[in-house]
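This report concerns only the one structure given below.
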Protein chains: 2
Amino acid sequence: MADTDCRANLIRTATLLFAESGYNGVSVRQIARAAGVNLAMISYYFSGKEGLYGAVLNEQFAVLRRIPEIKTVENDPLKKFELYVRATVARYRKNPFLLRFYTSELTNPTPCFESIVKPAIKGVVQLLIDTFTDGLSHDQFRKDLDPTDTVLALAGMINFYFLLEPVTTELLDHSAERDEALIQHIMDIFAKGVLK
Amino acid sequence: MADTDCRANLIRTATLLFAESGYNGVSVRQIARAAGVNLAMISYYFSGKEGLYGAVLNEQFAVLRRIPEIKTVENDPLKKFELYVRATVARYRKNPFLLRFYTSELTNPTPCFESIVKPAIKGVVQLLIDTFTDGLSHDQFRKDLDPTDTVLALAGMINFYFLLEPVTTELLDHSAERDEALIQHIMDIFAKGVLK
DNA sequence: TATTATTAAACGATCGTTTGAATAATAGAG
DNA sequence: CTCTATTATTCAAACGATCGTTTAATAATA
């Protein structure tokens, strides 16, 4: 088994197991056995359990660092927000474990939180704040709204939908076919509110 | 030290430590030492670590089960929603650890998830859905909105604000003095949207 | 032959739980 | 009220299991 095989196997398997049970909920022996490699390979390639977890988290949050690209492909603030929501849904569909690491690090931070998670999330929030401020200067949004509170509200709408999936499976259809309707729905509330 | 002292000490200390580091991130020895009681008391009073964790979670989610009282004190659907948001903020202020157990169980469920957490959250979501449906029948809300998606959006706005606190401390003021403005703000967006 | 990759085995430390003795608290009988 | 029998509580110590890591030997590769 070549270098890359072993490394890749470990990262892939560890992603699954760490996501399922958290950093402290999995042992290096479980990971090694599930990956079909020798226990010592974790220390050999990642210099320990923490190193492996860091590699997993780094890979997971790489996608979050690409969100600022939205700035370059769209000009209209409201459409930028829609792109953000759309990218968020696509991200969670493509990577079912990201949200777990996301919230797990928020509630029980490891050393990776400061170095990887916090900068990544902060970058996204800052982009959204800038977008709203831009919309304000173009007289597009209501002037009495606070930029930070407003964009956190938008981010909350879409993220909470996925976070609550384990308890709402019997209440609504979480299939990807409904994603487009969900996106429209959230943008609709965000833009126009619920009052008749 | 009487029965209740020991029990109460353990629950109070365990709440703090479990919230900080998660179920697998704390040992019974750490809890016992921090509580100033003997290690064996955990098995004696709670028949083990899991039992203690269950007792902690039970106490934490008791407050969530009282939310349906909103139904009895208010009639107007929009004001019921505001009461929910208000109660949520008050809950997190009074109990800074609830949200941690909340999201920790959502992402890395223990046996307590099915028995304690899921029923509690589901009850709240169902109350909100009923409230929106009620408002729809009174012609108060836009008819093209899906009840479940809509109330999850509202719940997301307020919950996500607190969930993201660790990364937004430098971006906004999380002090309780701003709570009233936050509530008004979220209800404002929910009711009327952001467009001018 | 020199370097890299993999292995089984062992390391000390800590895990959650249990044991059995010691202590404290309580209740009933005189 | 005192003594005693019973129960409830607390304790230090030990249980086997598992934790993450390291070692030294072997296999593969260039």
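Naming convention: chains lettered A, B, ... in sequence-line order (proteins, then strands); numbering from 1 in each chain. All of these numbers come straight from a predicted model, not from anything done at the bench.
- Along DNA chain C, the nucleotide nearest to B:Ser47 and the one nearest to A:Ala40 differ in position, and the one closer to the 5' end is contacted by A:Ala40.
- B:Phe18 does not carry B:Arg100 over the face of its six-membered ring by the limits of under 6.0 Å from the centre and within 45° of the normal.
- Regarding B:Leu10, its CG atom lies at a distance of 14 Å from the C1' atom of D:dC11, rounded to whole Å.
- Look at OH on B:Tyr53: it is 14 Å from P on C:dG16, rounded to the nearest Å.
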**Request:** List the steps and the verdict of salt bridge (charged side-chain N to carboxylate O under 4.0 Å, His left out) for B:Arg142 and A:Asp188.
**Result:** CA-CA 11 Å; B:Arg142 292 165 46 199; A:Asp188 205 27; 2.2 Å; yes

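- You'll find the ring centres of B:Tyr161 and B:His174 inside the 6.0 Å limit.
- Between B:Ile42 atom CD1 and C:dC15 atom P there is a gap of 11 Å when expressed in whole angstrom units.
- We find that OH of A:Tyr45 is positioned 18 Å from C1' of D:dT21, with the value rounded to whole Å.
- For B:Lys49 (side chain) and B:Asn24 (main-chain N/O), no donor-acceptor pair under 3.5 Å exists by modelled atom type.
- Taking only side-chain nitrogens and oxygens, A:Ser27 never comes nearer than 4.0 Å to OP1 or OP2 of D:dT18.
- In this structure, A:Ile31 places its CD1 atom 17 Å from P of D:dT18, rounding to the nearest Å.
- Residues A:Gln30 and A:Asn38 each lie close to DNA chain D; by heavy-atom proximity, the contact nearer the 5' end of the strand is made by A:Gln30.
- Rounded to whole Å, atom P of D:dT21 lies 14 Å from atom CE of A:Met41.
- Side-chain proximity of A:Ser43 to the nucleotides D:dA13, D:dA12, D:dT21 is greatest for D:dT21.
- Side-chain N or O atoms of A:Ser137 include one that pairs as donor or acceptor with a backbone N or O of A:Asp134 at under 3.5 Å.
- As rounded to whole Å, 12 Å separates atom P of D:dT9 from atom CZ of B:Phe46.
- The side chain of A:Tyr44 places an N or O atom within less than 4.0 Å of a non-bridging phosphate oxygen (OP1 or OP2) of C:dA5.
- Distance CG (A:Asp5) to P (D:dT29): 12 Å, rounded to an integer number of Å.
- Comparing D:dC11, C:dT17, C:dA10 by their closest approach to the side chain of A:Arg29 singles out C:dA10.
- Across C:dT17, D:dC19, D:dT21, the shortest atom-to-atom separation from the side chain of A:Val28 is found for D:dT21.
- Base-pair partner of D:dA30: C:dT1 (Watson-Crick or G-U wobble, both distances under 3.5 Å).
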